[in-house]
Structure formats: C-alpha cells, structure tokens
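Chain A is the first sequence line, chain B the second, and so forth, proteins listed ahead of strands; every chain is numbered from 1.
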There are 2 protein chains.
Amino acid sequence: MAVTTVTIAEIAKTTQATVSRALRDDPSISPKTRQRIKRLAEELGYRPNLLARGLVGGDTYTIGMITTGLDVEVHSVKITAFEESARNKGYLTITAFNPNEPGLEDKLIIRLLQRSVDGFVIYPAEHGEHKELRALVEKNFPIVTFNGDGRLDFQTNDVSLDYYEGGKIQIEHLSAIGRKRIAYIYPVFSCYTIDQRVSGAKEAAHNAGVDFELIQIDTGNSGQRVQTELAYEKLREFFRKNASRFDAIACHNDLFALSAIRALHQLGIKVPDYIAVIGFDNISASEFSMLTISTISQPAEQMGLVAFQTLEALVKEKNSRESEHEFIRVKLKPELVVRESTGRIVDC
Amino acid sequence: MAVTTVTIAEIAKTTQATVSRALRDDPSISPKTRQRIKRLAEELGYRPNLLARGLVGGDTYTIGMITTGLDVEVHSVKITAFEESARNKGYLTITAFNPNEPGLEDKLIIRLLQRSVDGFVIYPAEHGEHKELRALVEKNFPIVTFNGDGRLDFQTNDVSLDYYEGGKIQIEHLSAIGRKRIAYIYPVFSCYTIDQRVSGAKEAAHNAGVDFELIQIDTGNSGQRVQTELAYEKLREFFRKNASRFDAIACHNDLFALSAIRALHQLGIKVPDYIAVIGFDNISASEFSMLTISTISQPAEQMGLVAFQTLEALVKEKNSRESEHEFIRVKLKPELVVRESTGRIVDC
DNA sequence: CTGTTAGCGCCTTCAA
DNA sequence: TTGAAGGCGCTAACAG
C-alpha cells in the first residue's frame with residue numbers, strides 16, 4: 001500500500017534500519033548511501049508515518065492548542081500568529097476549543113495527550129480545578145499558558161497581556177482630554193481579565209482625581225457570551241436615564257463600545273462632543289465604523305509568536321536535559337489607539 | 001510509566017488481548033470479566049494510546065480540517081460549528097490554516113495524512129492544481145469541501161453557499177425599495193465566490209431593469225488580503241467624484257460596506273436617504289454599527305453542521321463497504337437581513 | 001469465552 | 001558503516 005522504510009530498503013537492497021537512519025541524517029551513515037536512499041525515498045513519494053514515530057517515543061512535531069472559541073477576534077489573531085510560526089518551524093498545531101467549561105478543559109487535554117503532542121498552549125478556563133493542566137505542569141511537560149497569570153493558582157510558563165495597565169490607560173486618556181465624570185461599563189459576569197481592567201481604571205481615576213463610577217450591564221448570562229441585542233437595549237435604557245451624569249465612557253471591549261455609541265446616537269447624544277467613548281481590543285470594526293473608535297490595542301500577533309518561541313524552547317530542552325529552572329513569565333503591554341470617539345476635546 | 005493494556009492485564013491476571021477486547025466491548029467477552037477490567041482501567045486511569053490504535057489501521061477519531069485564516073468572521077463560525085458537532089460525536093478536529101496558497105494546501109494535506117486522520121474537510125485554495133486533494137478524492141478517501149463547487153475542476157462531496165443567489169438578492173432588495181441606479185463595489189482580485197455574487201447581481205439588475213455598474217476598488221493586493229485603510233481612502237475618493245450617479249451601493253462584504261458608509265458619511269452624503277447600502281455576510285459589526293447594515297446572511301453554523309454530518313457518514317461507510325455512489329453536493333441559500341442602511345425608501 | 005501469535009511503521013540498542 | 005533483533009501499545013486473526 002503506502003511506501004514505508006521497508007519498501008525503500010527492499011529496493012535499495014539494504015535494511016530497514018539503514019533507511020531509517022539515512023532519512024534522519026544519522027551521522028553513522030555514509031554520505032553515499034544516505035544520498036542514494038534519500039533520492040529513492042523522494043522518487044517513491046515516501047512519507048514518514050508520524051504515528052509510528054510517535055509510538056516509539058520520538059517527537060511528533062505536533063503541538064496541542066486549547067483555546068476559547070473563535071468568536072473573539074483578538075483570540076483569532078493570537079491563534080493565527082501561533083499557528084503560523086509553528087508551521088514555519090515544521091510543527092502542526094492541533095486546535096481544540098473550550099467555551100470556558102472547566103470540565104471540558106480536562107477532557108480536551110486528555111484527548112490531545114492521547115495523540116502524543118510534544119507540548120501544549122492553553123488558554124485556561126476561567127474557573128475550575130485545572131486538574132490535568134496542573135498535573136502536566138508538575139511533571140514538567142512543555143506547556144505555555146495564555147493569560148494564566150492571575151487566574152491559575154499555580155505557576156506556569158505564561159504569556160499575558162497587562163490588563164490592569166490597559167484599564168489604566170483607558171482612563172488616563174479620557175482624563176487627559178479633559179473628561180471628569182467617567183463611567184466604566186462592563187457585563188456582569190465575573191472574569192479575571194475584566195476585573196483587572198476595572199481595577200486599573202479605578203486606580204487611574206483615583207490618581208487623576210476624576211469622578212468614576214462602575215456600571216455593570218446584565219447581558220443575559222448564557223455562559224460567558226454576551227447577547228448582543230439585549231446588551232444594546234440595556235445600554236440604551238441606561239443612557240436614557242443616566243447619560244447626563246457622564247462626559248466619558250470606558251468599555252471593557254470594542255463591541256460594547258460600538259453598542260454604546262449606537263445607543264448614544266439613537267438618543268441624539270453626540271460622541272465625542274458630549275460623551276467620549278473608549279473601547280478595548282482594537283477589533284477591525286473599530287477602525288471601519290462610521291465613527292471610528294479609540295481603543296486599547298493588544299499586541300496579539302506578538303503574543304502568539306512569543307508563546308510559540310517559548311514553547312519550542314521547552315520542547316527542545318526537554319529532549320536534551322531535564323533541567324529544572326524558573327518559569328518563564330511574559331507580560332506584554334497594551335497600547336492606546338486614538339480615533340474619533342475621543343477625538344475632540346470639550347472644555348467644561 | 002503510563003498505564004497500558006499490559007499493565008491492566010498483569011493486575012487482572014489475564015492477557016493483554018482480553019483487556020483490549022473488553023475495553024472495546026467486544027461481544028466475545030463475558031460480562032463479568034468485561035466489567036472487572038473496565039473498573040480496573042478506570043481506577044488506574046487508563047487512557048488508550050490513539051497512535052498505537054491508529055497504527056494498526058483502526059479509526060483515529062481525528063478529522064483534519066484545512067481552511068483559510070480566521071480573519072473572516074464567517075469562516076470562524078463555520079469552523080466552530082463543525083468542531084463542536086465533531087467533538088460531540090467523539091471526534092477531534094485538527095485544524096490547519098492555509099492563507100490561499102495552492103502549494104501549502106498540498107503540504108498541509110500531507111501533514112495531516114501522516115497523522116492518520118479519518119477524513120478531511122477542506123476549504124480549497126482559490127487556484128492551483130489541488131494535486132493531493134484530487135488524489136484523495138480519486139481513491140475515495142472521506143472528504144468534504146467547502147465552496148468547492150465551481151472552483152474545483154473535479155467533483156467532490158461539497159457544501160457551498162449559493163453566492164449567485166446572494167448577489168441576486170442584494171440587487172432585488174435595492175430595486176424593491178425603489179433604487180434605480182446601483183453600483184456593485186468589490187475589490188480587484190479575482191475570486192470565484194465574488195464572481196458569482198457579481199453575476200447574480202448583474203442578472204437581477206437586468207431583470208429589474210435598473211442601471212447597474214461594476215466598480216472595482218484597488219485595495220492593494222497583498223495576496224487576497226484587503227488593506228483596510230487603503231480601501232477606505234479609495235472608496236472616499238471614488239464617492240467624492242461619483243456619488244451623484246448612484247442611489248444605491250451593493251458591496252461584496254460587510255467590511256466593505258462599513259467602509260463605504262464611513263466614506264459617504266465623511267462626505268456628508270446621507271445613508272440610506274441619498275444612497276442605500278447593502279453588504280454581504282452578516283458579521284457582528286453590521287449589527288453593532290452606529291448605522292446598522294442591511295446584508296446577506298450565510299447559514300454558517302448550518303454549513304459547519306452539514307459538513308460534519310456528511311463527513312461522518314462517509315467515514316462510517318468506508319468502514320462497512322466500498323460502495324461507490326454519487327457525490328453529495330449541498331448548496332445552501334443565503335437570506336436577506338434588512339437593517340437601517342437600506343431602511344428608508346426615497347421616491348424620485 | 002479466552003490465550004497465543006503476528007504484525008502496524010518506526011527507532012534503538014547490540015553486534016558485526 | 002551497516003545488519004539483526006527487539007519493542008512502542010494496540011488490533012486482529014487463529015486456536016483452543
């Protein structure tokens with residue numbers, strides 16, 4: 001059927017082991033036969049069976065990725081960047097999605113382990129014990145987490161965004177353009193990264209000496225998913241009653257900011273003249289929108305890239321030594337992007 | 001190290017083969033020993049090694065997916081829907097991305113084959129020979145393509161959206177609200193699905209007896225990727241000179257429509273009063289935007305679902321018989337979503 | 001019903 | 001520098 005090392009050996013009138021060695025550039029093989037075998041393999045269209053290779057304990061050049069769904073644009077960018085750098089180094093990334101169910105995380109880890117992945121990138125579920133993850137980390141299996149810092153109660157190699165800093169920057173910017181009565185709007189469900197943004201915002205407001213109020217919008221908690229239409233309705237209702245109290249709004253993400261702007265627009269409240277709005281994430285729509293949105297940009301490609309480089313290093317090192325050393329923890333800084341929604345300065 | 005069937009056999013004082021059979025519910029095993037072995041396996045935390053299983057020729061419960069990047073929201077929805085239904089049936093989907101390079105498609109297929117996937121879902125690259133894909137289809141390997149209809153010169157099991165119909169619906173709607181001078185705006189790079197939209201639109205315009213003009217915008221051809229800022233500039237320039245000639249614009253997708261609306265807004269041209277705008281895809285931003293966008297909605301979840309069901313059937317059938325039968329070809333209909341950007345009717 | 005015996009395709013000792 | 005042999009964990013005959 002398929003051409004294997006045995007097929008090649010028979011034709012080359014040598015043994016299977018020699019073929020195997022030649023193909024892997026084993027130094028013990030003479031340049032001559034190596035070349036001969038390689039040519040033959042090429043001609044016959046030989047493709048190493050990675051299952052067999054993995055079975056005997058070698059690397060599979062496969063990395064398991066477990067992440068939340070693709071509904072958040074920023075995650076997609078991270079995933080894409082990771083996959084691309086992995087692919088360029090000859091790794092295949094096998095991706096499994098976990099819409100934030102703690103139990104599913106364990107199951108997916110097991111499933112991927114059964115396929116003998118060389119390492120893992122994991123965006124941990126918000127809650128749960130992380131039983132499997134913890135076990136792997138303890139046995140020193142190559143793992144890198146995204147945003148594990150703070151939501152896991154044990155150390156890992158981690159690449160995170162500094163959400164606290166992000167929240168701070170949002171408010172500092174609003175304050176810098178002269179706004180003094182600021183609301184921070186976010187959904188009710190609890191989530192570490194949102195909490196961080198809020199904390200950072202609170203501190204910045206305190207430092208700047210501006211009024212600051214936290215507004216939680218109940219978006220219908222179908223899991224962590226925001227129900228878009230409902231969110232819009234709630235926002236409009238809120239602004240109808242309370243808009244006059246504020247001259248600026250910071251939102252936990254750009255979609256919320258879009259909805260907020262739409263609601264304000266409906267109510268005839270001009271943005272940014274009366275109320276300035278800033279979002280978070282820098283999704284593409286915030287640049288395409290009729291009124292472009294100021295926001296906080298995540299270095300998402302870089303996060304994907306750094307995560308892969310870290311993981312690759314761990315995988316290689318595992319093969320050489322079992323050196324125990326410190327966990328690698330990278331925390332990247334977000335950046336302010338100023339657009340129309342905070343564009344004009346109003347003097348009060 | 002890890003617990004295997006041998007480990008269990010030793011403890012259960014039986015043979016490895018018996019354990020293997022018991023675990024797989026082989027009817028030849030007595031209920032007693034089966035239960036005993038299963039309990040033991042559970043206690044020991046046994047996890048079958050899927051590589052070994054795959055090596056002997058059995059199913060791996062792994063499906064390979066090759067698709068374009070995650071930058072297009074509709075694709076993400078399809079992927080997510082597919083992955084979820086696969087997961088619920090015990091399959092792992094391993095996803096590889098191909099930003100439309102014909103050569104890469106072949107490479108990725110090979111890589112996934114080396115991991116012994118049970119089947120493939122492929123969103124074929126726009127151009128190229130599709131050498132590997134063709135070979136697999138010929139040897140009757142379980143494969144389902146997305147939008148392969150029209151862009152492949154050979155038959156496959158396929159799930160497509162009817163883009164022609166979509167283009168038609170766009171124009172029919174604009175005509176139905178009384179518009180008579182319509183432009184179809186799309187980027188310069190050629191692509192089967194865009195061509196289809198345009199053809200459908202053209203026919204609809206002809207049938208409705210309205211003026212119809214094709215406008216291609218040069219968005220800088222970094223591959224197939226639209227350069228957003230450039231696209232916006234070009235659109236604004238175009239409208240500045242030509243807006244007066246039209247009372248409606250149809251765009252090949254929603255991001256373009258967003259940009260178009262922003263450009264029109266900048267120029268002080270009211271949407272939909274002077275110019276109505278309709279997009280394509282129904283991305284979330286089209287609903288969140290300050291001015292919500294009328295568009296054509298793809299049944300993306302359904303496409304993912306149908307693709308998986310079709311593929312699963314092929315995989316199962318392969319195991320039973322080598323029955324040769326017709327290719328399964330599903331063509332789904334898009335739907336009109338009316339929002340503000342075509343909301344008000346203007347009499348002329 | 002259960003045990004025995006071959007492999008699947010590859011890598012890795014150990015000899016020669 | 002190459003060959004021979006064993007085994008990774010599992011499934012699939014073939015016996016008993």
Side-chain angles (χ1 to χ4, degrees), chain A residues 1-38 40-41 44-62 110-118 319, chain B residues 1-38 40-41 44-62 110-118 318-320:
Chain A
M1 197 69 208
V3 25
T4 73
T5 45
V6 175
T7 325
I8 299 177
E10 282 167 357
I11 299 181
K13 305 229 179 294
T14 176
T15 57
Q16 181 275 331
T18 305
V19 173
S20 171
R21 282 184 279 233
L23 258 22
R24 280 173 300 131
D25 290 320
D26 188 306
S28 75
I29 295 295
S30 79
K32 257 197 234 168
T33 54
R34 175 186 322 170
Q35 210 177 341
R36 189 166 56 97
I37 289 174
K38 281 197 163 183
L40 203 50
L44 298 174
Y46 167 73
R47 291 168 194 173
N49 180 326
L50 296 190
L51 297 198
R53 199 174 265 179
L55 193 58
V56 296
D59 283 358
T60 57
Y61 276 79
T62 308
I110 292 174
R111 281 208 194 172
L112 293 177
L113 273 181
Q114 290 179 314
R115 271 117 182 142
S116 302
V117 294
D118 293 344
N319 293 337
Chain B
M1 198 67 208
V3 23
T4 72
T5 45
V6 175
T7 325
I8 298 176
E10 282 167 355
I11 300 181
K13 304 230 181 295
T14 177
T15 57
Q16 181 273 332
T18 305
V19 173
S20 171
R21 283 183 281 230
L23 259 21
R24 281 173 298 130
D25 291 319
D26 189 304
S28 75
I29 297 294
S30 80
K32 258 197 236 169
T33 53
R34 176 188 320 170
Q35 210 177 341
R36 190 165 57 97
I37 288 174
K38 281 198 164 183
L40 203 50
L44 297 173
Y46 167 73
R47 290 167 194 174
N49 181 325
L50 296 190
L51 297 198
R53 201 174 262 178
L55 193 57
V56 297
D59 283 359
T60 57
Y61 276 78
T62 307
I110 292 174
R111 281 208 195 171
L112 292 177
L113 273 181
Q114 290 180 314
R115 269 109 182 151
S116 303
V117 294
D118 293 343
K318 178 187 64 175
N319 294 336
S320 52

Quiz item: If you find the nucleotide of DNA chain C closest to B:Thr15 and the one closest to B:Val56, which residue's nucleotide is nearer the 5' end?
Solution: B:Thr15
Self-check item: side chain to side chain donor-acceptor pair (under 3.5 Å) partners for A:Gln114, two or more places apart
Solution: none
Exercise. Taking side chain to side chain donor-acceptor pair (under 3.5 Å) as the test, write out the residues that go with A:Thr4, two or more places apart.
Key: A:Thr7
Quiz item: Of all heavy-atom pairs between A:Gly45 and A:Val3, which one has the smallest distance, and what is that distance?
Solution: O-CG1, 3.9 Å
Practice problem: Please name the pair of heavy atoms, one in B:Pro27 and one in B:Arg34, separated by the smallest distance, quoted to 0.1 Å. | Solution: CA-NH2, 4.3 Å
Self-check item: For B:Val56, side chain to side chain contact (heavy atoms under 4.5 Å, CB included) partners two or more places apart
Solution: none
Practice problem: Using side chain to side chain contact (heavy atoms under 4.5 Å, CB included) as the criterion, list what pairs up with A:Thr62, not counting sequence neighbours. | Solution: A:Thr60, A:Ile94, A:Val117, B:Arg115
Nearest-0.5 Å distance that lies between atom [atom1] in [X] and atom [atom2] in [Y]:
X: A:Leu23; Y: A:Ile29; atom1: CG; atom2: CD1; value: 10.5 Å
X: B:Arg24; Y: B:Arg21; atom1: CZ; atom2: CZ; value: 8.0 Å
X: B:Leu40; Y: B:Ile8; atom1: CG; atom2: CD1; value: 6.0 Å

Quiz item: Looking at D:dG9, C:dT2, C:dC10, which one has an atom nearest to any side-chain atom of A:Leu55?
Solution: D:dG9
Quiz item: Ignoring hydrogens and geometry, is there a side-chain-to-backbone donor-acceptor pair from A:Asn49 to A:Leu51 under 3.5 Å?
Solution: yes
Quiz item: If we fit an axis to the first five pairs and another to the last five of the helix from C:dC1-D:dG16 to C:dA16-D:dT1, what angle do they make, to the nearest 10°?
Solution: 40°
[N] [atom2] sits how many Å from [X] [atom1], rounded?
X: A:Tyr46; N: C:dG9; atom1: OH; atom2: C1'; answer: 8 Å
X: B:Ile8; N: D:dG9; atom1: CD1; atom2: C1'; answer: 12 Å
X: B:Gln16; N: C:dC8; atom1: CD; atom2: P; answer: 17 Å
X: A:Asp59; N: C:dC10; atom1: CG; atom2: P; answer: 16 Å

Self-check item: Under 4.0 angstrom between A:Thr5 side-chain N/O and C:dC10 OP1 or OP2
Solution: yes
Practice problem: Report yes if a side-chain nitrogen or oxygen of A:Thr18 is closer than 4.0 Å to either non-bridging phosphate oxygen (OP1 or OP2) of D:dT2; otherwise report no. | Solution: no
Return all side-chain donor-acceptor pairs below 3.5 angstrom for residues 9-17 of chain A, not counting sequence neighbours, or 'none' if the list is empty.
| unit_1 | atom_1 | unit_2 | atom_2 | d |
| --- | --- | --- | --- | --- |
| A:Thr14 | OG1 | A:Thr18 | OG1 | 3.4 |
| A:Thr15 | OG1 | A:Thr18 | OG1 | 3.0 |
| A:Gln16 | NE2 | A:Thr5 | OG1 | 3.1 |

Quiz item: Do any pairs count as a salt bridge (charged side-chain N to carboxylate O under 4.0 Å, His left out) and have a residue in residues 46-57 of chain B, sequence neighbours left out, and if so which ones?
Solution: A:Glu132-B:Arg47
Exercise. Strictly below 4.0 Å, heavy-atom distances to any atom of DNA chain D: list the hits from residues 47-54 of chain B, or just say none.
Key: B:Pro48, B:Asn49, B:Ala52, B:Arg53
Check nucleotides 13-16 of chain C for protein N or O atoms closer than 3.5 Å to its own N or O atoms and list the pairs.
| unit_1 | atom_1 | unit_2 | atom_2 | d |
| --- | --- | --- | --- | --- |
| C:dT13 | O4 | A:Arg21 | NH1 | 3.4 |

Practice problem: Using heavy atoms and a sub-4.0 Å distance, could you list which residues of residues 22-38 of chain A are near DNA chain C? By number, please. | Solution: A:Arg24
Quiz item: For A:Tyr46, which residues count as a ring-ring contact (aromatic ring centres under 6.0 Å, His included) partner, sequence neighbours excluded?
Solution: none
